[in-house]
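These notes concern the structure reproduced below.
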Amino acid sequence: MKTTRFYILLALLLICGVRAFAQEWEYSIEYSMNDDECFELYDAIEMINGNIALSSIFYYKSGAGDFYSAQPAVTLLSANGQEMARKDYFRPGYCTTSYAPYLFENNGRLFALMTYSPDHDSTYFNYFKNYDNPPADAVLGLYKLDSDLDIEESFEHSYVIDTFECRSEQWENNPNEHSGNLFLFSAFEDDGEIVGAYFKMVSHDYFNPRGHDTLFLFRMNFNGEIIQRKGYEWHTQGGMMQWSYRRNHFVKTDSHYIFFAGSNESGHQGTAFYYDKDFNLVRTRYMDHVGQPTSNSITNISVKRSLHNTTYLVTSSVSNVNSYIRDVRLYELDDDIANPANIIPFVQHIERKTDNYDLPAILQSADLAENNTLFFAYTLNVGFYDNQDSWMMVERLDADLDTITTCYYDIEPDKRINSHAQCITAARDSGVLLVSRSKNLDDTNQRWTTITKFPSEAFEGIEEAHDNGLKVAIAYPNPGKDVLNIRTALQNAHVEIYDMSGKQIYNQEITSNITIINTSSWPSGTYIWKVIANGKEADSGKWIKQ
């Protein structure tokens, strides 16, 4: 693993006439796919003392030559982004199939909730059959961590798991996710206790189904005692739930919990299950995409409860013509249990897309700031997922889902980078924490896992965005051929195109978020594009026609 890179992006002196955003920073770990191990950041919580705790995963190289077997880990940063501690929690014979630990702060102490399942990667040194007493159980554990992230106290619960080996050639690259495991995908604090949900999965076997997976809902106190737990047989049989249930599918209302899922043999694109506070199922309702045929699914879900008794749901819409074409949807749901409608009505919604493989932030796509504005994170891709250029997007929205600002972010602006937003978290100072992962398209072994802190000022205007390494307009695909797209949320604006001699060759008013320019008659070469808003240059860049 390469040395951790740490940047203070704007360490400006506080002098007259100069903006200083001392709280902005970026912490990034660079690694190579040729390394024997790698460390990835997943999502973040801000502690009362200002420190940032990040749930993480530590991958050891497996014998098959890739990072298949994962161990839970945690990273601790200071309020200004300095690394204070980083630990993984390796366990012989086990791995985690959950994305990363869930982190909680209780009475000033940090707790990690995580799972372990038997490691089924037979090419890996930690393979459970290498041991005289191979594990036949999975573990759900709550761990109290000290200031160095060492485990101070452990509270563990073991459950017998299906240890059948999934050996299908179709799934040989992901043996742990297709053999029996415990997959924790939602957890949050509720009145001083932890409420969570996990799947206990049987092994995947097409020809000899080994029973159904089970959804478990549970309540746990911070002494690690499970106060309530209830299971429901699920419709899948050894399904790889990790792709369907990423994180944050569960919300609390005044009277109930609601679990949001994809289609569940209902004929609808999504399902919402209502449970009372004892986890009894009291109602099932359905969701369908606005303006999409029912063959499309609601997937890549994350949810956030609003301040006015509705739920924000971020999801992908998959084309029924080409599964590589996906767009990003943000819905506000009227999910009041007293509403008699069988299909949950949408109060309002917005769509974001490039007609390519666009994705919401994988683990948490929306979060509310204390002033009730909503931060919304997603990734726009040109081409299929992780093969071509991409842009991480952060939007600041008002209560009507109208855009206040839209910013574009790339961690290495001087390189051809494919990046994907992982998680967005609103900080207490109204700033934003964005976790992402990236790779160099010209050297795909070079990867980064990154958290960036943006101050609230970064989303107030064009100059403030630029001061913090953000753009307000992008041009794509770049390089391109017969079409140049200029994307911006700016109003009262137009786009100008210049050749390298400085001659203006094109001018068009901007009337929508995407301005499509036909360049088929232009000669190959390099061009300069500019977006002019309210009489001033808002953004510019080079575009290459092949």
Side-chain angles (χ1 to χ4, degrees), residues 183-191 193-201 212-220 226-237 239 241 244-317 329-349 364-366 368:
F183 175 56
L184 176 69
F185 68 92
S186 279
F188 57 87
E189 189 168 350
D190 180 17
D191 293 332
E193 297 172 335
I194 297 170
V195 171
Y198 66 84
F199 280 104
K200 181 181 177 182
M201 285 183 272
H212 286 267
D213 303 322
T214 305
L215 168 70
F216 283 96
L217 311 177
F218 68 93
R219 186 188 310 276
M220 174 187 288
I226 292 183
I227 302 166
Q228 290 175 292
R229 188 175 78 114
K230 192 157 190 173
Y232 292 90
E233 185 176 273
W234 209 242
H235 64 286
T236 55
Q237 296 179 322
M241 312 307 294
S244 300
Y245 302 100
R246 306 284 188 138
R247 212 165 177 93
N248 300 313
H249 283 245
F250 214 16
V251 297
K252 170 194 172 184
T253 74
D254 291 339
S255 57
H256 292 82
Y257 300 114
I258 311 176
F259 165 45
F260 294 91
S263 59
N264 187 21
E265 300 179 341
S266 64
H268 295 278
Q269 297 156 0
T271 310
F273 300 91
Y274 291 70
Y275 301 93
D276 65 20
K277 293 304 176 74
D278 294 319
F279 303 134
N280 296 306
L281 180 64
V282 295
R283 189 176 182 191
T284 301
R285 302 175 76 192
Y286 303 103
M287 299 173 288
D288 289 323
H289 278 301
V290 171
Q292 293 285 352
T294 56
S295 57
N296 284 333
S297 61
I298 286 178
T299 186
N300 296 322
I301 295 170
S302 69
V303 292
K304 182 70 179 182
R305 195 68 179 165
S306 77
L307 299 181
H308 44 273
N309 297 320
T310 60
T311 297
Y312 296 113
L313 180 142
V314 184
T315 178
S316 292
S317 173
R329 305 290 186 93
L330 169 58
Y331 294 106
E332 184 177 1
L333 310 180
D334 177 10
D335 52 18
D336 184 355
I337 194 170
N339 187 321
N342 190 45
I343 299 176
I344 297 178
F346 297 127
V347 178
Q348 52 190 347
H349 85 289
Q364 179 168 281
S365 308
L368 280 169

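Here the NZ atom belonging to Lys230 is positioned 10.0 Å from the OH atom belonging to Tyr275, to the nearest 0.5 angstrom. Taking CD1 of Ile226 as the reference point, atom CE of Met220 lies at 4.5 Å (rounded to 0.5 Å). To the nearest 0.5 Å, atoms NE2 (His249) and CD1 (Ile258) are separated by 14.5 Å. The CZ atom of Phe346 sits 11.5 Å away from atom CD of Glu332, with the distance rounded to the nearest 0.5 Å. Between Ile298 atom CD1 and Arg329 atom CZ the span is 9.0 Å, to the nearest 0.5 Å. Of the inter-residue distances, the one linking Ser186 atom OG with Tyr257 atom OH reads 13.0 Å to the nearest 0.5 angstrom.
Relative orientation of the Phe259 and Phe185 rings is tilted, given thresholds of 30° and 60° on the angle between their planes. Ring geometry for Tyr331 versus His349: interplanar angle under 30°, hence parallel rather than tilted (30 to 60°). Classification of the His268-Tyr286 ring pair by plane angle, with boundaries at 30° and 60°, yields parallel.
Checked against salt bridge (Lys or Arg N to Asp or Glu O under 4.0 Å), Lys304 has the following partners two or more places apart in sequence or in another chain: Asp367. Tyr198 meets the ring-ring contact (aromatic ring centres under 6.0 Å, His included) test with Phe216, Phe218; sequence neighbours excluded. Applying the side chain to side chain contact (heavy atoms under 4.5 Å, CB included) test to Thr311 and every residue at least two apart in sequence or in another chain returns Val251, Phe260, Val303, Arg305, Asp335. In this structure Glu193 satisfies the salt bridge (Lys or Arg N to Asp or Glu O under 4.0 Å) test together with Arg219, sequence neighbours excluded. Shown here are the side-chain hydrogen bond (donor to acceptor under 3.5 Å, both in side chains) partners of Ser306, two or more places apart in sequence or in another chain: Thr310. With sequence neighbours left out, the side-chain hydrogen bond (donor to acceptor under 3.5 Å, both in side chains) criterion links Asn309 to no other residue. Every side-chain hydrogen bond (donor to acceptor under 3.5 Å, both in side chains) that Ser316 has, sequence neighbours left out, goes to Asn300. Every residue two or more places apart in sequence or in another chain was checked for a ring-ring contact (aromatic ring centres under 6.0 Å, His included) with His256, and none qualifies. With sequence neighbours left out, the ring-ring contact (aromatic ring centres under 6.0 Å, His included) criterion links Phe183 to no other residue. For Ser302, the side chain to side chain contact (heavy atoms under 4.5 Å, CB included) criterion is met by Asn248, Val314, Ser365, not counting sequence neighbours. Evaluation of the side chain to side chain contact (heavy atoms under 4.5 Å, CB included) rule for Asp334 yields Asp336, Asn339, Pro345, Val347 as partners, not counting sequence neighbours.
Contact of the Thr315 side chain with the His289 side chain is registered, since non-hydrogen atoms from C-beta on lie closer than 4.5 Å. Looking only at side-chain heavy atoms (C-beta outward), Leu313 and Met287 come within less than 4.5 Å of each other. Tyr312 places a side-chain heavy atom less than 4.5 Å from the side chain of Leu330. Residues Leu184 and Tyr245 fail the side-chain proximity criterion, which asks for heavy atoms closer than 4.5 Å. Put simply, the side chain of Leu307 reaches to within 4.5 Å of the side chain of Leu368, judged on heavy atoms. In this structure the side chain of Val195 reaches within 4.5 angstrom of the side chain of Phe188, judged on heavy atoms.
Nearest heavy atoms, Ala272 versus Ile344: CB-CD1, 3.6 Å. Across all non-hydrogen atoms, the minimal contact from Ala187 to Ile194 is CB-CG2, 4.4 Å. Leu217 and Ala197 get closest at one heavy-atom pair: CD2-CB, 3.7 Å.
Listed by first then second residue, pairs satisfying salt bridge (charged side-chain N to carboxylate O under 4.0 Å, His left out) with a partner in residues 247-256 read Asp43-Arg247, Asp190-Lys252, Asp191-Lys252, not counting sequence neighbours.
Looking at Gln237 and Asp213, their side chains never bring a donor and an acceptor atom within 3.5 Å of each other.
The backbone N or O of Asp278 sits less than 3.5 Å from a side-chain atom of Asp276, completing a donor-acceptor pair. The closest donor-acceptor contact from the side chain of Tyr232 to the backbone of Leu281 lies under 3.5 Å.
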